[in-house]
Amino acid sequence: MSGIPEGGAGAALRALLTDSVVGLAVWDTDLRCVWANGALERYDGIARERRLGRRPRESLTGDADELEALVRRVLTTGRCVTGREYRVPTEPGGRRDRAFSASFVRLHDAGGRILGVCMLMLVVTDRRWAGDRLAVVSESGTHVGTTLDVMRTAQELADFTVPLIADYVTVDLTEAVRLGEEPLDRLGRSQGRVPKFRRAGRASVHTGSPESLWLNGEVVYVPETSPFMQVLSSGRPLLQPVLDPSHEAWLADDPARAAKIREFGMHSLLILPIHARGVLLGVAVFVRTANPTPFDDNDRLLAEELVARAALSLDNARRYTREHNTALALQRSLLPRRVHGGAAMEVAARYLPADAEEGVGGDWFDVIGLPGGRLALVVGDVVGHGVNAAATMGRLGMAIRTLADLDLPPGEVLTRLDRTFIRLTEDEEEGGREVATMSATCVYAVYDPATRSCTLALAGHPPPAVVHRDGDYSFPDLPHGLPLGVGLLPFPTAELELPAGSLLALFTDGLVEDRDQDIEVGLRRVGRALTRGASSLEDLGTAVIGTLPATPPPDDVTLLLARGL
């Protein structure tokens, strides 16, 4: 840079400007770049050769036109500008731009002659974080924890914090959050390292996170002497401003990680425990590569607040997933593994659980042989989701089997089932347990092959569909009855004629209801699907389920098909 004297002081000043961590550039009075240092190139990726001799709009990135107007204004007025945001777009696929703080000062020689404008650029963690941690943490609530899915929540945390805090972030969870079928302690060591985590989230300023040795869902192995194990055992954060792989003894047992550290220039490390409600869920690892500033206590404080908030969302997702899996296992254990129509009917059943957002519901179905070769067909739906709904469904399923053995008319069966349901609810309340499910619907049908007729009763349940021999379908207009749990009126019984070849379809409302459409649309969709040719009832059931607008559906879906032999 011209104008700097030779000699000791001049050399020191030249070295300071050239080697400074502050990005520097100078434009002359014609707005042509006459000097720039290496730090500026590291920050915005524009080589010095591409910058020299060019105007600001050609030698800066981001909103370069506005910056050129700003440089011209500083040159004209002499009023300096400080703290101007300078945005550097990340690579394709990056979630947000990197942000720096730029200041502009007009330069003069000893005689007061205007020489040009100097830009000084400083690293800031993010354009929105200027010491206001509260605002950043508050904003994280709209980006992290948007679902009750553990993996998605972990990925959202990683995405939000790159490049906000670090250039590379991983979220690794322990067995407190079961992400795999096989427990980690059964996997054994691998080359002196132990399986302690599963990767749940990763993000980087580089597309595809090439720094990561593991994909999401894969087992993460770490040396027992590593800082990750130190944080896991102590439950306390680890801040390592300077990460030098040549001085880290534990990396001798982790050569692949050491190679990544060297390849990407990882120079600063921050590891935080993820714990919520007394449970240690895993660790969040923050690394700086492109950002030359080491982590400090301010970074740690912001990261801790973000991780603490994310930890609550992760724990909520963990608890929900555990209850959802328990309810699903309970429900499946209570549903028939296989249905048989004997000599009376060909039958097939399909059950599809609700999605993870809505949870497992209380659908059930059954086919019960009765005296005289008759057959009872049952489909029911307990209002609510979760373990309570599944358990109530199981009790009602056992109760209706007992009532079927009494060989009562369908209306009487539902009347007694209604009383049973009310007693179950009262017992729950007397036991001091919160009752989350207060009603249920059910259809109970009895088919007599001798007369080819079907008597049935509905307790607040959708009517069945009948596909006639000519290929037309209908939903008979039947008395619905009130849902179970009301206990006010008896349930009327209706009778349908089912000539040879007729098909009866019983289902729950999850098959036909859609939040965005009228129920008539769902009924027509199912009716048309039932009339399509299929080689078997099993294939027909699969085809009908395949017409659902969303899979998995927002509510449990049960379909029971029956055709007289």
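Position 1 is the first residue of the sequence; numbering continues from there.
- Checking T558 against D363 by side-chain atom types alone, a donor-acceptor pair falls below 3.5 Å.
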Should E218 and R199 be marked as a salt bridge (charged side-chain N to carboxylate O under 4.0 Å, His left out) after you check the CA-CA gap, both sets of side-chain angles, and the distance that decides it? CA-CA 6 Å; E218 292 184 340; R199 181 133 300 168; over 6 Å; no
Hey, mind stepping through D405 and R401 against salt bridge (charged side-chain N to carboxylate O under 4.0 Å, His left out) and telling me if it holds? CA-CA 6 Å; D405 288 341; R401 271 194 163 265; over 6 Å; no
Report the C-alpha distance between E412 and L406 in whole Å, list the side-chain angles of each, state the deciding distance to 0.1 Å, and finish with yes or no for side-chain contact (heavy atoms from CB on, under 4.5 Å). CA-CA 10 Å; E412 181 64 21; L406 300 177; over 6 Å; no
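- Going from atom CG of L496 over to atom OG of S453 covers 9.0 Å, rounded to the nearest 0.5 Å.
- Using a cutoff of 4.0 Å between basic side-chain nitrogens and carboxylate oxygens, R309 and E305 are not scored as salt-bridged.
- Looking only at distances, no side-chain donor or acceptor of T174 sits under 3.5 Å from a matching main-chain atom of F197.
- By the 6.0 Å contact criterion, CG on D477 is open, its count of non-hydrogen atoms from other residues, nucleotides or ligands being 12 or less.
- Taking 4.5 Å as the limit, some side-chain heavy atom of L173 sits within range of a side-chain heavy atom of V171.
- The line from CG of D315 to CZ of R277 is 4.5 Å long, rounded to the nearest 0.5 Å.
- Within the 4.5 Å cutoff, the side chain of H480 has heavy atoms near those of the P463 side chain.
- Shown are D472, L498, L530; of these, the side-chain contact (heavy atoms from CB on, under 4.5 Å) with V466 is made only by L498.
- Nearest heavy-atom pair across A500 and R469 is O-CD, 2.6 Å.
- Rounding to the nearest 0.5 Å gives a distance of 5.5 Å between CG of L314 and OG1 of T153.
- Distance CD1/I274 to CG/L272: 8.0 Å, rounded to 0.5 Å.
- Between D149 atom CG and Q155 atom CD the span is 11.0 Å, to the nearest 0.5 Å.
- Using a 4.0 Å cut-off between charged nitrogen and carboxylate oxygen, K196 and D172 do not count as a salt-bridge pair.
- Contact between Y221 and R257 at its shortest, heavy atoms only, is O-NH2, 3.5 Å.
- Residues R152 and T146 form a side-chain contact, since some pair of their non-hydrogen atoms from C-beta on lies under 4.5 Å apart.
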Show your working on side-chain contact (heavy atoms from CB on, under 4.5 Å) between V347 and F365 and close with a plain yes or no. CA-CA 12 Å; V347 295; F365 62 90; over 6 Å; no
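- Between L548 and L511 the shortest side-chain heavy-atom distance falls below 4.5 Å.
- With hydrogens and angles ignored, the 3.5 Å screen pairs a side-chain donor or acceptor of R374 with a backbone N or O of P371.
- Minimum heavy-atom separation, P336 to D366: CG-OD1, 3.8 Å.
- Side-chain contact between C442 and L414 is present, with heavy atoms from C-beta onward closer than 4.5 Å.
- F421 has its side chain within reach of T392: a pair of non-hydrogen atoms, C-beta onward, lies under 4.5 Å apart.
- Residues K260 and E211 are not paired through a salt bridge, judged by the lack of any N-O separation under 4.0 Å between the basic side chain and the carboxylate.
- When all heavy atoms of A505 and L561 are compared, the pair lying nearest together is CB-CD2, 3.6 Å.
- In this structure a side-chain-to-backbone donor-acceptor pair under 3.5 Å is present from H461 to F507.
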Determine, stepwise, if the pair V279 / V177 fulfils side-chain contact (heavy atoms from CB on, under 4.5 Å). CA-CA 10 Å; V279 178; V177 186; over 6 Å; no
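- The backbone N or O of L484 lies less than 3.5 Å from no partner atom in the side chain of D418, so there is not a single donor-acceptor pair.
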Decide yes or no on side-chain contact (heavy atoms from CB on, under 4.5 Å) for V378 and W364, but give the supporting numbers first. CA-CA 8 Å; V378 186; W364 91 92; 3.8 Å; yes
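- Residues E346 and L565 are in side-chain contact: their nearest non-hydrogen atoms beyond the backbone lie under 4.5 Å apart.
- The nearest pair of heavy atoms linking L478 to P464 is CD1-CD, 3.9 Å.
- Residues S474 and H468 share a closest heavy-atom pair of OG-NE2, 3.0 Å.
- Within the 3.5 Å criterion, the main-chain N or O of E538 finds a donor-acceptor partner in the side chain of R350.
- Side-chain atoms of E304 and L301, non-hydrogen and from C-beta on, do get closer than 4.5 Å to each other.
- Counting only distance, with no hydrogens or angles, the side chain of W214 and the backbone of V219 share a donor-acceptor pair below 3.5 Å.
- Atom CZ of F491 sits about 14.0 Å away from atom OH of Y444, to the nearest 0.5 Å.
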